[in-house]
S.K.: 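Dropping a structure here in structure tokens format, bear with me for questions.
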Amino acid sequence: MLGPEGDEYYMEQALRLARQAYRMGEIPVGAVIVHDNKIIARGHNRCEQLNDPTAHAEMEAITAATNHLSSKYLNECTLYVTLEPCVMCAGALFWSQIGRVVAGASDPKRGYTLHGPLLHPKTLWSMGLLHDECGSLMTSFFQSLRHG
């Protein structure tokens, strides 16, 4: 499930979406879903824009990917997301049976790993890809809120 460009390329695409969310005043999280070495879905946080607490990057990308594939299952797909998914998103990823999740920065306050294994048992999981870039975007965003 690794694309010709490799994991870093896809995480960079997710980071581009996170930066877009940042510019919109959203918590800067971006996500892309890859199937057959092609990005089939993109998402970034839109909770503020839509007044919807479920409008997380992962949820946006899952919906777009399932629509693209006309299937509720994403077992042949990889999600690249700049921040460790929350419990809600991990639950949606579980039900989609996504094949693989690659996360950038950990979320020590709200990440799903605080609550045990919530992904589907067959889902491959890794964290830390471009961790510094993903983490510094989050740090910068919250510092700007405190000092802005």
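Throughout, numbering of the chain's residues begins at 1 and tracks the sequence. Given the structure is predicted, the values throughout are model-derived calculations rather than measurements.
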S.K.: Is Phe142 reachable from Val29 through a run of I, L, V, M, F, W or Y residues, each pair having side-chain heavy atoms under 4.5 Å apart?
M.R.: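 Yes, it is one cluster - the side chains of Val29 and Phe142 are joined through contacts under 4.5 Å.
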S.K.: For the residue pair Gly30 and Ala18, what are the closest heavy atoms and their distance?
M.R.: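 Reported closest heavy-atom pair: N-CB, 3.5 Å.
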S.K.: Tell me the closest heavy-atom pair linking Ala41 and Ala61, and the distance in Å.
M.R.: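 That would be CB-O, 3.3 Å.
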S.K.: For the atom pair OG1 (Thr123) and CG (Leu118), what is the distance rounded to the nearest 0.5 Å?
M.R.: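 Answer rounded to 0.5 Å: 11.0 Å.
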S.K.: Does Tyr112 form a side chain to side chain contact (heavy atoms under 4.5 Å, CB included) with Phe94? I'd like the steps, not just the answer.
M.R.: CA-CA 12 Å; Tyr112 89 91; Phe94 175 93; over 6 Å; no
S.K.: Between Leu79 and Ile40, is there a shared hydrophobic cluster once you connect ILVMFWY residues whose side-chain heavy atoms come closer than 4.5 Å?
M.R.: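 Cluster IDs for Leu79 and Ile40 match.
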S.K.: Check for a donor-acceptor pair, side chain of Glu76 on one end and backbone N or O of His35 on the other, with a separation under 3.5 Å.
M.R.: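 A pair under 3.5 Å: no.
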S.K.: At their closest point, which heavy atom of Tyr80 faces which heavy atom of Val34, and how far apart are they?
M.R.: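 In terms of heavy atoms, the two residues are closest at CE1-CG2, 3.7 Å.
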S.K.: For the side chain of Tyr10 and the backbone of Asn37, is there at least one donor-acceptor N/O pair under 3.5 Å apart?
M.R.: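 At least one qualifying donor-acceptor pair exists.
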S.K.: For the pair Glu133 (side chain) and Leu15 (backbone), establish whether a donor and an acceptor sit closer than 3.5 Å, ignoring hydrogens and angles.
M.R.: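 No.
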S.K.: Among Val101, Val81, Leu74, which residue satisfies the side-chain contact (heavy atoms from CB on, under 4.5 Å) criterion with Leu93?
M.R.: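 Result: among Val101, Val81, Leu74, Val101 is the only option passing the side-chain contact (heavy atoms from CB on, under 4.5 Å) with Leu93.
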S.K.: Let me see the working for Met138 and Ile27 under side chain to side chain contact (heavy atoms under 4.5 Å, CB included), right down to the final yes or no.
M.R.: CA-CA 7 Å; Met138 293 295 291; Ile27 294 176; 3.6 Å; yes
S.K.: Any idea which heavy atoms bring Ser106 and Pro108 closest together, and the distance?
M.R.: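 Answer, listing the atom of Ser106 first, then Pro108: O-CD, 3.5 Å.
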S.K.: Hey, what do you get for OG (Ser96) to CE (Met59), rounding to the nearest 0.5 Å?
M.R.: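 It comes to 10.0 Å.
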S.K.: Can you tell me how far apart CG (Asp52) and CD (Glu60) are? Round to the nearest 0.5 Å.
M.R.: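 Nearest 0.5 Å value for the CG-CD distance: 8.0 Å.
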S.K.: About how many Å separate CG of Leu50 and CD of Glu26, when rounded to the nearest 0.5 Å?
M.R.: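 With rounding to 0.5 Å, CD (Glu26) is 7.5 Å from CG (Leu50).
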S.K.: Strictly distance-based, threshold 3.5 Å: is any side-chain N or O of Gln97 a donor or acceptor partner for the main-chain N or O of Asn75?
M.R.: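 Here the side-chain-to-backbone pair does not exist.
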S.K.: Of all the heavy-atom pairs spanning Met88 and Pro53, show the shortest one and how long it is.
M.R.: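 Minimum heavy-atom separation between Met88 and Pro53: CE-O, 4.0 Å.
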S.K.: Is there a donor-acceptor pair closer than 3.5 Å between any side-chain N or O of Glu58 and the backbone N or O of Ala31?
M.R.: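 Answer holds: no.
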S.K.: Under 4.5 Å between side-chain heavy atoms, hopping through other hydrophobics if needed: is there a path connecting Leu69 to Ile62?
M.R.: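 Yes, because Leu69 and Ile62 connect within a single hydrophobic cluster, where side-chain heavy atoms sit under 4.5 Å apart.
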S.K.: Return the CG to CG distance between Leu137 and Leu83, rounded to the nearest 0.5 Å.
M.R.: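 So the CG of Leu137 and the CG of Leu83 are separated by 10.0 Å.
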S.K.: Under a 3.5 Å cutoff, is there a donor and acceptor pairing between the side chains of Gln13 and Arg16?
M.R.: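 Yes, because at least one side-chain N or O of Gln13 sits under 3.5 Å from a partner of the opposite role on Arg16.
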S.K.: Judged by atom type as modelled, is there a donor-acceptor pair below 3.5 Å linking the side chain of Ser71 to the main-chain atoms of Tyr73?
M.R.: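 Between the backbone of Tyr73 and the side chain of Ser71 there is a qualifying donor-acceptor contact (under 3.5 Å).
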S.K.: For the residue pair Tyr22 and Phe141, does the interplanar ring angle fall in the parallel (under 30°), tilted (30 to 60°) or perpendicular (over 60°) class?
M.R.: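 Because their plane-to-plane angle is over 60°, the rings of Tyr22 and Phe141 count as perpendicular.
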S.K.: Taking all heavy atoms of Cys47 and all of His56, pick out the closest pair and write down the distance.
M.R.: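 Nearest pair, atom of Cys47 first, then His56: SG-CD2, 3.5 Å.
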S.K.: Treating Ser136 as the side-chain partner and Asp132 as the backbone partner, does any N or O pair qualify as donor plus acceptor under 3.5 Å?
M.R.: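 Yes, because the side chain of Ser136 sits within donor-acceptor range (under 3.5 Å) of the backbone of Asp132.
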S.K.: For residues Tyr9 and Leu17: do they belong to one hydrophobic cluster (side chain heavy atoms under 4.5 Å, members Ile, Leu, Val, Met, Phe, Trp, Tyr)?
M.R.: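 Yes, same cluster.
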S.K.: Between the side chain of Glu84 and the main-chain N/O of Ala103, is any donor-acceptor distance below 3.5 Å?
M.R.: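 Side chain of Glu84 to backbone of Ala103: no pair is present.
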S.K.: Donor-acceptor pair, distance only, cut-off 3.5 Å: does the side chain of Asn45 make one with the backbone of Ala57?
M.R.: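 Checking the backbone N and O of Ala57 against the side chain of Asn45, a donor-acceptor pair under 3.5 Å is found.
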S.K.: What distance do Thr82 atom OG1 and His131 atom NE2 have between them, rounded to the nearest 0.5 Å?
M.R.: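 Spacing of OG1 (Thr82) from NE2 (His131) equals 11.5 Å.
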